[in-house]
Amino acid sequence: MRALARLALATCVVAAPLTAVVAAHAADEPTPVTVLTSDFEDNTVQGWTGRSAETLAVSTTVAHGGTHSLAVTGRTATWNGPSLSVLDTFEKGTSYTISAWVRLADGSDNARLSVERRTSGTATYETVVGNTAVNSSGWVNLSGHYTLSADVDFLTVYVETASTTGSLYIDDVTASYVPALPIQTDIPSVKDVVTEFPVGAAITGAEITTEHGDLLAKHFNSVTPGNALKWDATEPTENVFSYTQADPLIAFAKAHGMKVRGHTLVWHNQTPAWVFQDATGAAMTATAENKALLLARLENHIRNVAAHYGDTIGTWDVANEVIDESQSDGMRRSTWYDITGLDYLRTAFAVAREVAPTAKLCINDYNTNVAAKRDALYNLVVKLKAEGVPIDCVGHQMHINVSWPSISDTEAMLKKFEGIGVEQQITEMDVSIYTSSGETFPAPPADRLLSQAYMYRDMFALFRKYRADLTSVTLWGLADDNTWLDTYPVARKDAPLLFDTRLQAKSAYWGVVDPSRIGGTSSPSASVSPSTSASPGAGTCAVTYRVTGSWTGGFQGEVKIANSGTAVISGWKLGWQFTGGQVVAQLWNGSVTQSGSAVTVTNASWNGTIAAGGSASVGFLGSWTGSNPVPAAFTVNGTACTVL
Ligand code: 9MR
C-alpha cells in the first residue's frame, strides 16, 4: 500500500478541492469528505475500465443525474463489468461509504458492488453491496461500507451481476469517509484500571490499523478474532486451511503483548456446508459411517487450526452454543448433535487438549444468566468432566441490554459454576441500548446511554468481586462503529460498547473506569447539573492545539480545553486568531463561525459542561496556503487561557 495523505487523491477521480467537498454541518453530525465522484458529465470515462474485454463508453441514452452515464457493453461473464482503481484513493483502516447507481440496458438481474484487492499477486474479492434487484426501467442505488484491511498493490471497485451478462449503465458513483478523530490519550487505559483479569475486545480485520489499532492497544490486553478463526474462515474447503484473516490479528496481539482467545473450533453457524455432507455430497443422515466421517473432519480441523497457533492462543472456545434448554436433555439439535450425540464434544476437547496442551479449553454459551440455560450447561459440564473430558472453563457470552439481566441473576450464574473445577470467563459482553426488537432510535438517547453506563459499572463491579473465579472479560467489539447488533435482531444502529462510533469514550467507559465521572464531559450522552459555575480566566483554562494531519492545502486539527480551575465551566465559547490565512472548513464536537482570521467555536449540546479537572475537545478540517502556523492565543468565554 502506498503511503497516502487522506486528501491527496488521484486526479481523475476527484471531483473538487477540499473547500468544495466539505460543507457546513450540524455540530454533532460530521460531514463526510468525498474522495471519489464519477458522473461522466465531462464526456470521458473518468478512469473506468472493463475487468476483461468489455467496451466502456460515455452515453447520453440514459443518465441518473445530468445528461451522461457510463455504458458497458460486450460483457462475457457475470463478474465482468466496469471497474475503477482506488489504489491511490482508499487508505487502509478508513471506512468508506461507496455509492453507485446502476441500470440494465435490457431485462432484469441482481447487481453487486464489489472490491478486488491484490497483495503480491494474490487476489481477494469482497462484497460491498450484495445482490440487489436491477432492471432496465430505472436506476437502482447500491450503497455500502468498505474498510481496506490489508496492504495491497492493486485495489478496484467494480459492478458485477448475478446471472446474466447483458449491457448495463452506471452513474454518479461516489466514495466518502467521515474523518477519524484521534483517540483520547489523556484518559486511563481500561486494562490499567481493571487489573483483576485481562480485559479483551473482539476484533475484525481493519481494527488493528490506524486509530482503531491505537484504541485497541491503549485499552485492552486480550483480543478475540470475532470471525477470523471460525471454520468458514479457516477451512472453507475440506483440508484446505487458510489463516490469512486471523494471522494479522494474532500478530498484532503478540506484538503488543496481548493474550488471545481462539473463537471457535466447533459451532453450528459459520461452518461450511461440505462439513455436513456425506461421501456422495448429500446432507448427512444419522448413520455410523457419517458419524465417523464427521468426527474425522472435526479432528482434522482441530489438529490443523490449533496446531497452527500453538501456545499463542492461550484459551480456546472449543465448543460454542451447544445448549438448548427447551430440549429434555438440554442439548441443541445441531447437525453435530444429530449425527454424533455428545461424541463431537468428547472428540473436540480431547483433540484440542492433545494439540494445544497448555491452552485453557472453554465451553461457551449465551444467556447463561437465565436459570434454565445455566442449569443445562452446568449439568453438561459436570457430566462431561466426570467422564474425563478436559473442560477447563465455562464462557459466559453476556450479550445483554441496558435493563437486563439483573445483577443477582448474573451473580447466581457465576456462583453456580464455582467448585466444579472450572475457570469462568466473560467472553462476548455488549450492552444493547434497545430493550426490545420493536425499538429503533435515530441516535442513542441520553437516558439509555446513562443506563448503559450504570449497567457496565455494576457488571464490572460484580466481575471484579468474583476475580477468584473469572480469568478473562472480553467485550464483543472495540467501538460502536462496528457491532454485530447493527443488524441483529433487526437492522438499526446500536451503541453497545465503551467507545462511540468515532472512538471517543462514552459514559459506559466511565462506568468501567471511574463511575464518579458517569455523565461528565467525556460522555456525550448526558450531563450533570453543575453545583457551581464560573467564567474561566487565566489559570482556570488551558488550551492544547494540535495539527493531527496535514497535506497540500489541507489539514486536520484538534483543540482541547482543559478546565484547570476549581469551578465548573457551564457553556463555552472558544476563540482564536489564525495568522496564516487558514480557514476552518468543517468542525465536529461544536459549531464554528469564522470572520476573517477570527474563529469562534461554541460547545455542542452535550459537551458544554466541563467539570473542574475535566476537558472538552473539538476537531476540524481546515485549508491553508503558504504556511500553517499554530495560533498563539486562545480565549474561553472571552478570557485568555494558558496555552500548552
Ligand atoms: O460478531 C459475529 C458477526 O460478525 C457474525 O456475522 C455472526 C454470524 O454468526 O457471528 C458473530 O459472533 C457471534 C459469536 O461468534 C458467537 N456468539 C454470538 C456472536 C454474535 O452473533
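In listed order, ligands and their atoms are each counted from 1.
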Between His396 and Gln425, do the side chains contain an N or O donor and an N or O acceptor separated by less than 3.5 Å?
no

If only atom types and distance count, is the side chain of Thr132 paired as donor or acceptor with the main-chain N or O of Gly130 below 3.5 Å?
yes

Side-chain heavy atoms of [X] within contact of [Y], under 4.5 Å:
X: Val223; Y: Leu249; result: no
X: Val389; Y: Val381; result: no
X: Ile400; Y: Pro405; result: yes

Tested for side-chain contact (heavy atoms from CB on, under 4.5 Å) against Tyr177, the lone hit among Thr97, Thr147, Val35 is Val35

I'd like a table of the close N/O pairs between ligand 1 and the protein (anything under 3.5 Å), one pair per line with both atom names and the distance.
| from | atom 1 | to | atom 2 | distance (Å) |
| --- | --- | --- | --- | --- |
| ligand 1 | 1 (O) | Trp476 | NE1 | 2.8 |
| ligand 1 | 4 (O) | Asn227 | ND2 | 2.9 |
| ligand 1 | 9 (O) | Gln270 | OE1 | 2.8 |
| ligand 1 | 10 (O) | Lys230 | NZ | 3.2 |
| ligand 1 | 10 (O) | Gln270 | OE1 | 3.4 |
| ligand 1 | 12 (O) | Lys230 | NZ | 3.3 |
| ligand 1 | 12 (O) | Trp476 | NE1 | 3.4 |
| ligand 1 | 15 (O) | Lys230 | NZ | 2.7 |
| ligand 1 | 15 (O) | His263 | NE2 | 2.7 |
| ligand 1 | 17 (N) | Glu321 | OE2 | 2.9 |
| ligand 1 | 17 (N) | Gln397 | OE1 | 3.2 |
| ligand 1 | 17 (N) | Gln397 | NE2 | 3.4 |
| ligand 1 | 17 (N) | Glu428 | OE1 | 2.6 |
| ligand 1 | 17 (N) | Glu428 | OE2 | 3.3 |

